[in-house]
Amino acid sequence: MRVLVIGSGAREHALCWALRHSSQLSALYCAPGNGGIAALAECVALNPLDTAICADWAARNAIDLTIVGPEDPLANGIVDAFQARGLAIFGPTAAAARIESSKAWAKQLMTQAGVPTARAERFDDHTTALAYLEQREQAVLAHGKGCYPLVIKADGLVAGKGVVIAHDGQEARAALRGFLQEHTLGEAGATILIEDFLQGVELSLFTLTDGSHVLPLAPACDYKRVYDGDKGPNTGGMGAYSPPRFATHALLEEIERRILRPTVAALAQAGAPFRGLLYAGLMITQDGPYVLEYNARFGDPETQVVLPRLRSDLLALCDAVAHGRLDEAPALEWSNEVTCGVVLASAGYPGSYEKGLPITGLDTLDDGVLAFHAGTRLEADGRLVTSGGRVLTVVASGATMAEARAKAYANVERIHFDGAHWRTDIAARELT
Ligand code: AMP
Ligand code: GLY
């Protein structure tokens with residue numbers, strides 16, 4: 001099969017790496033790709049948001065299957081554009097991708113389907129939102145306990161910048177003002193949710209689905225904050241590991257039964273059957289699992305730790321999903337080894353950062369250690385330089401998490417670029 005991957009991050013590098021293991025693969029392209037992906041796939045200079053141009057290119061180049069990484073092209077209707085031309089593509093239509101691109105729509109869908117998720121109210125007007133906040137504050141005053149923290153979420157896609165955990169009335173009011181009066185996030189923040197805060201431990205669970213069948217992948221934990229101990233601002237993700245010990249067979253079964261299956265059924269019933277990868281961001285609370293958010297695509301950096309453990313043929317699975325015959329796919333096989341992935345980021349990330357800094361040391365990594373590239377660029381003279389905030393995800397596997405983790409960090413230390421920073425506590429909780 002001739003395959004095109006859409007995207008340019010470490011997630012897409014991991015997808016290309018896994019697809020390369022398929023006996024069915026005859027040619028691999030990636031649009032636009034990056035400095036690391038170039039070693040596995042032919043990089044094509046297409047803008048994933050130009051969905052019609054991508055579809056034209058795929059038709060002209062006899063692509064048998066396209067696999068979409070990021071959310072923006074999905075929300076932009078890349079799947080619709082390909083399907084209109086009769087091209088096979090892995091990913092949801094824009095209508096189904098609303099489960100990620102509109103948090104208000106997703107919340108309504110989950111609530112109607114009885115899927116456990118935090119209670120939330122939707123607002124698009126500052127005065128009404130403020131009145132609701134005051135009502136919440138008054139109600140709990142009467143009970144003698146506070147209503148904070150509360151979570152204030154922008155409805156639309158803003159690359160992880162749309163969630164504010166407000167610890168008091170001042171922070172909550174500042175968030176409402178920012179989203180609804182000052183329009184700091186533009187249209188994406190013109191509708192908001194005020195949501196109850198959930199306490200627990202976070203889990204990422206991906207499931208393949210063809211719109212009716214579900215096939216969950218191995219669970220993973222993601223670290224979203226920039227600094228150790230979950231301090232500092234949110235990022236795209238600073239590291240991940242798979243599988244977490246607390247994700248027992250019984251818990252995963254409960255998530256499939258109470259959350260994944262009802263959500264997939266509700267999407268189909270809403271006239272937006274979901275084909276592709278549905279990513280549940282979950283909070284495991286004392287009362288069981290709750291959905292924090294859904295994403296309509298593979299997670300980054302979870303993909304970088306999940307795919308190296310997959311022994312089944314990723315291409316065959318994606319093809320089965322794209323053609324609506326996931327029920328014919330064999331049971332998934334997983335390695336017994338566990339994985340730990342650490343993200344190396346540019347100085348300043350998630351704020352502004354410099355680009356074009358030389359990266360060295362990648363040729364000194366241990367056998368079997370994977371370095372998935374995100375913000376890297378290969379210069380004409382063959383030098384690899386930084387070109388983004390998150391630069392690399394270094395992934396090691398081992399018989400135990402202690403071993404995988406030690407190996408990942410030993411290899412991270414061998415990679416250099418000016419100002420490189422990373423969290424030192426990825427998977428640390430698994431050691432205690
Ligand atoms: P989201 O983009 O909705 O996943 O939110 C980003 C992060 O905010 C999540 O990974 C959680 O750490 C946190 N978060 C979101 N919603 C809640 C909630 N209802 N309770 C507690 N934390 C939340
Ligand atoms: N790991 C978070 C995300 O992919 O959105």
Side-chain angles (χ1 to χ4, degrees), residues 7 9-12 14-15 68-72 74-75 97 99-107 110-111 115-121 147-167 171-172 175 185 188-189 192-206 217 219-226 229-242 277-287 289-307 341-343 345 350 372 374 389-390 393 423 426:
R11 164 184 55 203
E12 287 76 19
L15 284 166
V68 187
E71 60 273 26
D72 290 329
L74 293 170
I99 194 140
E100 174 171 8
S101 64
S102 169
K103 287 188 193 287
W105 189 78
K107 183 66 73 176
M110 285 188 270
T111 307
V115 170
T117 184
R119 177 175 64 138
E121 294 291 332
C147 68
Y148 293 102
L150 279 175
V151 187
I152 302 179
K153 295 185 173 182
D155 178 58
L157 288 181
V158 282
K161 294 182 194 75
V163 176
V164 174
I165 314 273
H167 294 93
E171 286 179 10
L185 295 177
I192 60 143
L193 295 177
I194 301 182
E195 180 169 303
D196 286 358
F197 181 80
L198 295 174
Q199 200 112 40
V201 48
E202 286 186 51
L203 179 72
S204 299
L205 188 64
F206 300 165
L217 305 189
C221 283
D222 170 26
Y223 290 76
K224 287 201 172 73
R225 303 294 198 90
V226 69
D230 294 329
K231 302 275 185 332
N234 259 336
T235 70
M238 292 298 288
Y241 68 92
S242 172
L277 185 129
L278 184 63
Y279 158 172
L282 304 157
M283 188 71 91
I284 312 305
T285 72
Q286 279 186 336
D287 308 326
Y290 283 74
V291 179
L292 291 177
E293 64 161 352
Y294 273 116
N295 293 315
R297 42 138 186 113
F298 284 94
D300 187 340
E302 294 97 319
T303 300
Q304 294 92 296
V305 294
V306 168
L307 291 184
V342 179
V343 170
F372 293 121
R390 289 189 295 173
T393 311
R423 278 182 67 153
I426 307 301

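Computed from a prediction, not measured in an experiment: that's the story for all the values here. Numbering of ligands and ligand atoms starts at 1, following listing order. Side-chain atoms are counted along with the backbone in the values below, which use heavy atoms only and exclude waters and symmetry mates.
A side-chain N or O of E302 and one of Y279 form a donor-acceptor pair less than 3.5 Å apart.
Between L198, L193, L150, D222, it is L198 that holds the heavy atom closest to atom 20 (N) of ligand 1. Scanning R119, E100, E293, E195 for the heavy atom closest to atom 1 (P) of ligand 1 points to E293.
Under the side chain to side chain donor-acceptor pair (under 3.5 Å) rule, K107 has a single partner from E293, E195, E121, which is E195. Just one residue in the list V305, V342, V343 forms a side chain to side chain contact (heavy atoms under 4.5 Å, CB included) with T393, and that residue is V343. For the side chain to side chain contact (heavy atoms under 4.5 Å, CB included) criterion with S101, the lone passing option out of L157, D155, D72 is L157.
For the side-chain hydrogen bond (donor to acceptor under 3.5 Å, both in side chains) test, no residue two or more places apart in sequence or in another chain qualifies with T303. For E12, there are no side-chain hydrogen bond (donor to acceptor under 3.5 Å, both in side chains) partners at least two apart in sequence or on another chain.
Distances shorter than 4.0 angstrom occur between a heavy atom of K103 and an atom of ligand 1. The shell of residues lying under 4.0 angstrom from ligand 2, judged by heavy atoms, excludes F298. Under the 4.0 angstrom criterion for non-hydrogen atoms, G299 is in contact with ligand 2. For D196, the heavy-atom gap to ligand 1 drops under 4.0 angstrom.
Annotation for ligand 1: atoms under 4.0 Å from non-hydrogen atoms of K153 are 3 (O), 15 (C), 16 (N). Residue contact check: E202 has heavy atoms under 4.0 Å from atoms 9 (C), 10 (O), 11 (C), 12 (O) of ligand 1. The ligand atoms of ligand 2 that sit less than 4.0 angstrom from a heavy atom of N295 are 5 (O). Listed by number with element, the atoms of ligand 1 under 4.0 angstrom from any heavy atom of K224 are 10 (O).
Distance alone, capped at 3.5 Å, is enough to place a donor-acceptor pair between the S242 side chain and the P219 backbone. A donor-acceptor pair under 3.5 Å links the side-chain atoms of R390 to the main chain of G237, judged by distance alone. Of the possible polar contacts, none joining the R423 side chain to the Y223 backbone as a donor-acceptor pair under 3.5 Å is found. Counting only distance, with no hydrogens or angles, the side chain of R297 and the backbone of G69 share no donor-acceptor pair below 3.5 Å. Between the side chain of T235 and the main chain of P350, no donor-acceptor pair closer than 3.5 Å is present.
Among the atoms of N234, none of the N or O lies under 3.5 angstrom from an N or O of ligand 1. Ligand 1 has no nitrogen or oxygen under 3.5 angstrom from a nitrogen or oxygen of V163. Checked against a 3.5 angstrom limit, the closest N/O atoms of D300 and ligand 2 fall inside it.
To the nearest 0.5 angstrom, D300 atom CG is 11.0 Å from S204 atom OG.
With a heavy-atom cut-off of 4.0 Å, R297 touches ligand 2 through its side chain alone. Heavy atoms of V151 found under 4.0 angstrom from ligand 1 belong exclusively to the side chain. The proximity of R11 to ligand 2, defined as any non-hydrogen pair under 4.0 Å, does not occur for either the backbone or the side chain.
Given atom 2 (C) of ligand 2, the protein heavy atom at minimum distance is Y279 OH, 3.2 Å. Here the protein heavy atom with the shortest distance to atom 17 (C) of ligand 1 is L292 CD2, 3.4 Å. Nearest protein heavy-atom contact of atom 13 (C) of ligand 1 is I165 CD1, 3.9 Å.
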